[in-house]
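Here's the structure, in structure tokens; my notes come after.
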There are 4 protein chains.
Amino acid sequence: MSPRRRDAEGTAAARAERRAELLATAAEVFASQGYAATTVRKVADAAGILGGSLYYHFDSKESMADEILSTFLDEMWAAYDRVLAAGLGARETLEALVVESFRSIDRHRPAVVVYQNESKHLATSERFHYLLESRRRFEEMWLALLDRGIEEGAFRPDLDRSLVYRFIRDTVWVAATWYQTGGRLSAEEIAKQYLAMVLEGIQAS
Amino acid sequence: MSPRRRDAEGTAAARAERRAELLATAAEVFASQGYAATTVRKVADAAGILGGSLYYHFDSKESMADEILSTFLDEMWAAYDRVLAAGLGARETLEALVVESFRSIDRHRPAVVVYQNESKHLATSERFHYLLESRRRFEEMWLALLDRGIEEGAFRPDLDRSLVYRFIRDTVWVAATWYQTGGRLSAEEIAKQYLAMVLEGIQAS
Amino acid sequence: MSPRRRDAEGTAAARAERRAELLATAAEVFASQGYAATTVRKVADAAGILGGSLYYHFDSKESMADEILSTFLDEMWAAYDRVLAAGLGARETLEALVVESFRSIDRHRPAVVVYQNESKHLATSERFHYLLESRRRFEEMWLALLDRGIEEGAFRPDLDRSLVYRFIRDTVWVAATWYQTGGRLSAEEIAKQYLAMVLEGIQAS
Amino acid sequence: MSPRRRDAEGTAAARAERRAELLATAAEVFASQGYAATTVRKVADAAGILGGSLYYHFDSKESMADEILSTFLDEMWAAYDRVLAAGLGARETLEALVVESFRSIDRHRPAVVVYQNESKHLATSERFHYLLESRRRFEEMWLALLDRGIEEGAFRPDLDRSLVYRFIRDTVWVAATWYQTGGRLSAEEIAKQYLAMVLEGIQAS
DNA sequence: CATGAATGAGATTTCATTCAT
DNA sequence: TATGAATGAAATCTCATTCAT
């Protein structure tokens, strides 16, 4: 390996690392202040550089959001696909999906918050159509799972399936707004209690 | 009633009505596009007037958000206070609160959406400190209710009370993001099914 | 005189009176806040009516300024012309002019302040060219008087005449900015002391 | 001195210089058109940049006025304080103060004009309270000097001290409105003649 | 890699003015 | 005469983006 080549790799890796750092910062700020209300300058301030300097790394503010969201969704779907491929029963699948969701929140909290708050507006632009795609796949997956669970006798048949779908979807993801990495409860512990509530309800039996 | 008095009342009422109309429009647009991403011009367009004309009725974009949110919160708390004053058992109180929440969503959907999406950011400004106050009272009320329910043997004692609180809070209010007035399910019907899920869970028994 | 005619005169007189009232109010506000910084609404507020209502009486904000200034200037020049026509010596003429100037301030303080502060900017517009005209006549009159005074041996010949002119001009008129009608010193008293200072100086002799 | 340090100083100095340039331009425009009547765009045009670009250097139009005025006042008071510290007699102190005032006008003419025309209105805002403070110190200083002069037998005792104070104050500062740097008369020459008029009067002796 | 100055489009807000009632 | 709602132009200010250094 020539020194030249080592250098090139070194800078490429360094550059990728810097991007990741900056994206993490941007996601944090987008999550806490809202994408539209966040100025590029605020992101740069949080990163300790000047506004214009961000444009060495990224084409635009939008492309930062894009990279934040697509990275998160790719990882999330990879996890979901592993669960779906495992051939579990409906109830076990539901449990595994919820656990994976909380793991996603644990690893990508700011990205999840941005997704929750902004995907609806962003999706109106061509570039973010994959958000709609993801949402559609998500709904499809859950409705199928709920139907299967009712067939298998695992889930109650007397509830409106759309309502149950939205109930679970919102219930899980909205947790990103208050979840703190390294907080009192671990992602797994939260998942366990959420599953208890969702499956068994909160009333004393 | 003298003509003079009728006149004065007439114009005062007319003005209040116009304000209410414009606020309803503004809430709709804030809810669908996000407060920060909504320009004053968009609100004005939706109301069929010019941007500057809004300033005859309101001091600023912020004061519109203020009036939208405080009107909604006042009404919501009035309803909650009626429930709390009724002296019901913990479980019945919970049911009544959830029903009232969905009624609030039914009557003030756009305001609720704005509250959900923007209150966190807005609350950083002095003017919107009442949002924090409301949030605190809300949490207090629910934690007390949950504790009472556990004492009364109505609710399971094995769940983390903070988690249950957030679960119910988010689960109910996030429904505003998809609820449609006059949709397939009425507010009462949705409340009933939500209560079934929250109290009894979704698994077959 | 028919009742019809009496009515017409009555309303015409009433209208003129109302105009005068409103102009006095406007002059006060223009003087205290500055013409450009004064909104039509501020004038209307001070008059106890709504902004739009002023347009029943006046064509525009500019026409209010116009009427305020031209009324004042007309009166001032009438007084000056009386003095100039009296055929006094240079020193007596100077004294009489200064006294008349302070009387003008006494009667038209707000108008004088507006004149001091705004005439320079207003004069750029065609409509206010008479301000330049007045200023030119004013300078001419004073320079001639100073020259005559030096010839007559009344005034010192060792001073720059332009400088003396500006000294007197500014010195007198700027008093409008602090003069209060009905204050501790009457216009005549102030004129007397000003003349003492201007003519004899402030040093002990 | 390391290159790093030279750089840092270079840019800091360059920035300060640019600010000063822009402020000089702004002061010129404020002085000639009036603060309220001057648009930010006019200032920018005069500086050869776009309106928005000014906001890279200054927070607001108001902050430009602030910096213009406070810079001028600081320098003026420094000069006055040097005079006051010199322990001169009342008459010599008066002469020195008048000379310094004309020097201030010579160096900061636009700022002085802005001060004359706008300080009254600006001072109503909290931010410009130092203008009132300066005005109060100014009056205090002059009244004390006049009293001392009368005691020392240098000034006439038969004049109203408030009136004399205002006479001198206005007389000197209003000169900024017509003074031209590099005009026919130097600041020192004007000061000399003004002092002659103020001290000895304009009448032949 | 980053800076600092600027651009230019567009946002919020202001305000003189109009006009139906 | 006055009101109240609106207009529309222009003002202040913001901000994503560019670019020479």
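Each chain gets a letter, A, B and so on, in the order its sequence line appears, and its residues count up from 1. It should be emphasised that the depicted structure is a prediction, and the values quoted were computed from it without experimental measurement.
With the nearest nucleotide of DNA chain F identified for both A/Y55 and B/G48, B/G48 has the one nearer the 5' end. Heavy-atom distances to DNA chain F give each of C/G51 and D/D59 a nearest nucleotide, and the one nearer the 5′ end belongs to C/G51. The 5' end of DNA chain E is approached more closely, in terms of each residue's nearest nucleotide, by A/R18 than by the other of A/R18 and C/A37.
One interatomic measurement links the two molecules: CG of A/L54 to C1' of E/dC1, which rounds to 12 Å at whole-angstrom precision. As a whole-Å value, the separation of A/I49 CD1 from E/dG4 C1' is 13 Å.
Remark: the D/D66 side chain and the D/Y130 side chain contain an N/O donor-acceptor pair separated by less than 3.5 Å.
A distance of 11.5 Å separates CD in D/E28 from OG1 in D/T38, rounded to the nearest 0.5 Å. Note that OG1 of A/T71 and NE2 of A/H108 are 8.0 Å apart. Values are rounded to the nearest 0.5 Å. Remark: B/I68 CD1 to B/E118 CD distance equals 10.5 Å, nearest 0.5 Å. A distance of 7.5 Å separates NZ of A/K61 from OG1 of A/T39, quoted to the nearest 0.5 Å. Between A/L69 atom CG and A/D74 atom CG the span is 10.5 Å, to the nearest 0.5 Å. Rounded to the nearest 0.5 Å, atoms CD (A/E21) and CD (A/E17) are 6.0 Å apart.
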Heteroatom pairs (N/O) under 3.5 angstrom, protein to nucleotides 8-11 of chain E:
none

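Taking every nucleotide of DNA chain F with any atom under 4.0 Å from a non-hydrogen atom of chain B, the first and last of them, 5' to 3', are F/dG4 to F/dG8.
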Dot-bracket for DNA chain F, please, read 5' to 3', with Watson-Crick or G-U wobble pairs under 3.5 Å on both distances, ( ) within the strand, [ ] crossing, | other strand, . unpaired.
.||||||||||||||||||||
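Between C/A36 and D/A36, the shortest heavy-atom distance links the atoms CB-CB, 3.9 Å.
Other residues, nucleotides and ligands contribute more than 12 heavy atoms inside 6.0 Å of the CZ atom of A/R18.
When side chains are defined from C-beta on, D/D45 does not count as touching D/V29, because their heavy atoms never get closer than 4.5 Å. Under the 4.5 Å side-chain criterion, counting only non-hydrogen atoms from C-beta, D/V43 is in contact with D/F30.
Only the C1' atoms considered, E/dC1 is 12 Å distant from F/dT21, to the nearest whole Å.
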